[in-house]
Amino acid sequence: MRIVRRIHFAELFAGGLWLLLLTIAAPVFAQRQYIGYVYPAGGQQGTTFPIRLGGQGLANPTGLIVSGEGVTVRLVDYLRVMSNQELDLLRQQLKELENPDVAMDEGLISRMAFYEFPAPVGPPELVKPFEALGNGDADLPLKERARRNLIRRIQMIFQEDERFPAVRAHCELVFAEVTISPDAIPGRREIRVVTTQGLSNALPFYVGQVPEVCRKPMKTAQLPVLGREHLAQRKRPPEEEEIRITIPCTMNGQIAPGEFNRYRFFARKGQKLVISVVARELIPYVPDAVPGWLQAVIRVHNAAGKEVAYCDDFRSNPDPQLFFEVPEDGEYVLTIHDALFRGRESFVYRITVGELPYLTSIFPLGGRVGEPLRLETHGWNLDGANVLLPPGDTPPGIHWVSVQKGPYLSNRLPIMLDTLPELFEQEPNNDPSQAQKVTLPVIINGRIDQPGDWDTFEVEGKAGQVLVTEVYARRLGSPMDSLIKVSTESGEIVALNDDYHDAASGLNTDHADSYLMVTLPSDGRYFIHVGDVRRQSGPDCAYRLRISPPRPDFALRVVPSRVGIPSKGSVSLTVFVIRKDGLNVPISLRCSDLPEGVESPGATLNPNQVSVGLAVRTSLAETKSPVNIRVIGVAKVGEEEIVREAVPAEDRMQAFLWRHLLPAESLPLLVFNPSYRPPATRVRPPIRDEDRPKDVPRTTTRASVDWYVRQIEALYQEYLLTDDFTNRQIANIEARIIQ
C-alpha cells in the first residue's frame, strides 16, 4: 500500500528556500513601498469620501490607483515619521505661533492660508476642531488664516505621532479622497500608492451597494509591554464605543487591543438579515500573530441584553457570515471583536447588515466549456433572484457566479469550467458492489448526502497505467474535507490521500482537497472512493472529482506584484512554478505588453527548478505613470503547447513561519529616478547678524551640525517653519561649531 501524504508549502520549496530568499531579496528591498492597511477599505457607489493608508517607504507620493473602472482617487496629504529632534523643533515653532504677530513670509502665507487638510474620517460629531478642514476661516486676513492653519497642521503631526508603535511599518500616513461613480460594479478592487520611487503592494478595496458609516480611525497602536499591556490600550469615550445605524448599512471600523465595537439598530419581526463580515479578506496574513489575521467574532443582543445570535467564522472562512431572522420588533446591538482580544490599526473590517441576497453554495461546482450551466443555488434571501453566470465563451478555469435580487448583487462563489466529459454522481454507490461505472477521462459532480456517506466509482485499469484522481471542493467554496482511496477488486488499498496542498489556491489555508497520481499494479477493475473525513454532509458538501490519465499542466506566480525599475537600470523578478500531474518539461518565460524602451531577455524554468529570476531592463529615464505588463509561460508537451499567464503575487509570512504567495490582480511597471529629491520651493533669506549668538561654547562638530541643519531645512521646505525661526535655529547651531 502506498500512502500519499499532505504536502505543505514549506515542503514544496524545500531545497529551494535559500534560492527563494536570494532571488527575491534584491527586488523586494529595492521596492520598499509598502501599505499595511487602508481605512476605510471601501465605500458606497455614488459617494465621495476620505481614506487613509498606513505604510512605509511612501515618501513623495504622486497618486493612488484602484483597479477596475468607476473609482478615482485624489491624493490629499502625506505624513512622514519625524525624528525626536524634528518634533522638538515643531514644539518650539508651535509655541511661537501662539503670538498672533509672529512674522510669516509671503510664501508661507500663500501656502498655508489655502492649505487643504485631509477630510476627517468618522462621524462629524466626534471630530476635534483642528481635524476639520482648515479653510473655514474665510473672513480672516490671509496671514491669520495661514497662522491658524500652520498650528493645525503641526497639531495634526503630533496627534498622529506614536514614538513606540506596535508596527513600525504602519507609521507613514497617506491621506486621499475617493470618488465612486453610481454605476461602478460592486465588489472587490485593489488599491496601490504610487510614489516617485516606485509602487506599493496592492490591498483589497470594496465598492459597496448600501449606505456606509465609518468609525473614527485609530492612531497607530502602541507597543504593549509584557505585564503592562493595559497601558497600550486605546482609551475611548462612551460615545465612540457604540454607534447607532439604520439598516441596510455597511460599517467600517478598526479593532484595537481588548476592544469591542458595537452597533445599535432597529429591526422588525420576520426580517431576514444577512450579517456579512469582511476582515481577514482585507489583511490576509499577519506575520507576528496566531492566527495570522483578524479573527472576528460577532454577536447580536436584543434590547434586554440577551445574546440571540453568534458567529466566529463561516465554514473554513475565518470571516463570520450570519443569517439572523429577527424574532420580534425592537432594538438590537451587533458587537464585533477579535477572538483573542488582539488589535492594531491594520485590524480593519467591513460589516454589511441588511435583507440582502447571499449565496452559501451552488451545485454543481462547475461544468463543461461551451455547454449550458444549470445551477442549483442555496443561500439567504434568494427568492426571485437571477443567477449571473459566466458568458458562454468563457475559457476553462475558475470563474465566478453571483445572483441579483432587485438592485442588489450577492457575494460571489467560484465555479470551475473544464473540457473533459462530465456526469453526475448517482446513488446508491456506497461500496464496490454498488459502484457507479465510469469511462475515462471524466469529471464527476457529486455530493456527500449523509454522515459517513462514501461515493464509489469503478474504472477499468491496465498494469502500468498512470491514473490521476483529484477532488475540487474546498477550493470551490465547499465545506467538504475530502478523502480519496483507490482500491482493487479484492479490497486492497493501492493509494489514499487526505489533504493536498495547492500553492496556487489563493488565500486558502485549509487545504482539505485530495489528489492522487498512482501507477496501477495490474489489469483489472479499480474503485475510487470519495468521502468526508469530518463526516459532514448535506446539499452544501459538493465536489468535483476528476478521474483521468495525467494532464500535465502548470501555474505561475511572479513576485513581487509590481515592477519598479531605476532609470536606465534593471530589476529581477522571481517566477515560481506549481507543476501539475507530473509536468517535467522546460517552461519558457517572457514578458508581454512592455512599453517601448523596456525589454526582458526572458528565462527558462528547467524541469527541476521551483523558481527562476526574470530580468527586466530599460533605457528610459522614467515613465509618467504605471503600465500593466504580463509574464507568460510556455511549455510543450508532445505536440501540445501549454500557455499560462503568471499571477502577480507578494511573498507574505503568516504566524511567524508559514509563507504564502498572495495573489494580486495586476503587474504594474514604473521606471523611476532613484536620485529624485523634491525641488526646493522656498528660498531662505540670509541670516541676520542679530540672529547669531555671541560667546557660546564651541562643542559641536561640522558633521553633527550638517545633520541637524538638514533636518531644519527639511521642515522648512515642508512649510512647517517660519523664516525667522529657521534662521535663528541654524545660526544658533552653527555658532557652536568647533573651529
Subject >> Note: Arg111-Glu718 ion pair, threshold 4.0 Å (strictly below) >> reply: no

Original post:
Are any non-hydrogen side-chain atoms of Pro284 and Leu662 less than 4.5 angstrom apart?
Top reply: yes

Original post:
For Arg557, which residues count as a salt bridge (Lys or Arg N to Asp or Glu O under 4.0 Å) partner, sequence neighbours excluded?
Top reply: none

**OP:** Given side-chain contact (heavy atoms from CB on, under 4.5 Å), test Val598 with Val616 step by step and report yes or no.
**Re:** CA-CA 7 Å; Val598 180; Val616 183; 3.6 Å; yes

Original post:
So, for Val277 and Ala296, which heavy atoms are closest and what is the spacing to 0.1 Å?
Top reply: CG1-CB, 4.2 Å

Subject >> Donor-acceptor contact present, side-chain Gln711 to main-chain Tyr708, <3.5 Å >> reply: no

Original post:
Are Glu645 and Arg630 ion-paired here, with the side-chain N under 4.0 Å from a carboxylate O?
Top reply: yes

**OP:** Locate the shortest heavy-atom distance separating Ile191 from Ile35; write the atom from each residue and the value.
**Re:** O-CD1, 3.7 Å

Original post:
Under a 4.5 Å cut-off applied to non-hydrogen side-chain atoms, are Gln45 and Ile185 in contact?
Top reply: no

Subject >> Lys/Arg N to Asp/Glu carboxylate O, Asp288 vs Arg344, below 4.0 Å >> reply: yes

**OP:** Could you note down all residue pairs passing side-chain hydrogen bond (donor to acceptor under 3.5 Å, both in side chains) where residues 60-71 supplies at least one of them, sequence neighbours left out?
**Re:** Ser67-Glu665

**OP:** Specify whether His660 and Tyr285 have parallel, tilted or perpendicular ring planes, treating 30° as the upper limit for parallel and 60° as the lower limit for perpendicular.
**Re:** parallel

**OP:** Please confirm whether the backbone N or O of Val76 pairs with a side-chain atom of Glu177, one donor and one acceptor, at under 3.5 Å?
**Re:** no

Original post:
Are Asn252 and Tyr39 side-chain neighbours, meaning at least one heavy-atom pair lies under 4.5 Å?
Top reply: yes

**OP:** Determine whether the side chains of Gln44 and Thr250 contain a donor N or O and an acceptor N or O closer than 3.5 Å.
**Re:** no

Original post:
What do you reckon, are the aromatic ring centroids of Tyr115 and Phe117 less than 6.0 Å apart?
Top reply: yes

Subject >> Nearest heavy atoms of Val121 and Pro217, plus distance in Å >> reply: O-CD, 3.0 Å

Subject >> Cation-pi check, Arg682 onto Tyr716 ring (under 6.0 Å, within 45° of axis) >> reply: yes

Original post:
Taking all atoms of both residues into account, what is the closest heavy-atom pair of Ala279 and Asp319, and its distance?
Top reply: N-OD2, 3.1 Å

Original post:
Which heavy-atom pair separates Glu259 from Asn261 by the least distance, and what is that distance?
Top reply: OE2-OD1, 3.5 Å

Original post:
Do you know the tightest heavy-atom contact between Pro61 and Tyr78?
Top reply: CG-CB, 3.7 Å

